[in-house]
Amino acid sequence: MLFVTLNGGVAWVVYASIAVTAGGSAVMATAVAAGLVGLFGQLIARYHHTSSLPYVTAAIGPLLPGSATYFGVLAIAQHNLDQGFASLAKAAALALAIAIGVNLGSELARLFLRAPGAAAARRAAKRTRGF
């Protein structure tokens with residue numbers, strides 16, 4: 001629980017420093033923060049010899065676009081369709097940024113932290129398929 005809390009806290013600090021303090025794009029800040037969540041989640045999972053899914057899934061909570069979705073639906077219910085659909089489009093962009101960031105962070109960790117013996121197993125797998 002401590003690792004997940006720290007991972008989510010790091011994500012929120014990175015998001016806030018890019019989007020709020022530096023005045024950057026919220027979508028870009030979300031993607032970068034989610035990338036760090038994926039990277040650190042993979043590293044923590046390697047350390048504990050477990051799956052990274054519990055570490056990553058719980059840590060992206062602070063980045064989820066709940067308020068953008070809520071305000072989008074609220075604006076549509078109040079007949080402000082343009083504002084509502086713009087807010088829902090932002091929520092969708094934030095959700096995609098989370099997905100892309102987490103996957104890129106996880107793949108970066110997996111690229112540089114190979115499991116012992118993985119290269120030999122991969123060569124054997126290539127031989128069995130004929131290339």
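- Ile18 and Ile60 fall into different hydrophobic clusters, where Ile, Leu, Val, Met, Phe, Trp and Tyr are joined by side-chain heavy atoms under 4.5 Å apart, directly or via other members.
- Listed here is the closest heavy atom pair of Pro65 and Ala91: CG-O, 3.6 Å.
- By the rule that hydrophobic residues join a cluster once side-chain heavy atoms approach within less than 4.5 Å of another member, Val10 and Leu39 end up as members of one cluster.
- Val4 approaches Ala58 most closely through the heavy-atom pair CG1-CB, 3.3 Å.
- With rounding to the nearest 0.5 Å, the separation of CG in Leu43 from OG in Ser106 is 9.5 Å.
- Considering every non-hydrogen atom in both Ala29 and Tyr15, the closest pair reads CB-CD1, 3.6 Å.
- No side-chain heavy atom of Leu6 sits less than 4.5 Å from a side-chain heavy atom of Phe40.
- Val37 and Leu64 fall within the same hydrophobic cluster, where Ile, Leu, Val, Met, Phe, Trp and Tyr residues are linked whenever their side-chain heavy atoms come under 4.5 Å apart, directly or through other members.
- Residues Leu88 and Ile76 share a closest heavy-atom pair of CD1-CD1, 3.5 Å.
- Using cut-offs of 30° and 60° for the angle between ring planes, the His48 and Tyr55 rings count as parallel.
- Considering OG1 of Thr30 and CG of Leu96, their distance stands at 11.5 Å, rounded to 0.5 Å.
- Considering all non-hydrogen atoms of both residues, Ala34 and Ala97 come closest at CB-O, 4.2 Å.
- Rounding to the nearest 0.5 Å places CG of Leu111 at 11.5 Å from CG of Leu104.
- The heavy-atom pair separating Gln42 from Ser52 by the smallest distance is NE2-OG, 3.7 Å.
- One hydrophobic cluster, built from ILVMFWY side chains closer than 4.5 Å, holds both Leu63 and Val102.
- Atom-to-atom distance recorded for Asn103:CG and Ile98:CD1 is 12.0 Å, nearest 0.5 angstrom.
- A continuous path of ILVMFWY side-chain contacts below 4.5 Å connects Val14 to Met28, so both sit in one hydrophobic cluster.
- To the nearest 0.5 angstrom, Leu74 atom CG is 12.0 Å from Thr69 atom OG1.
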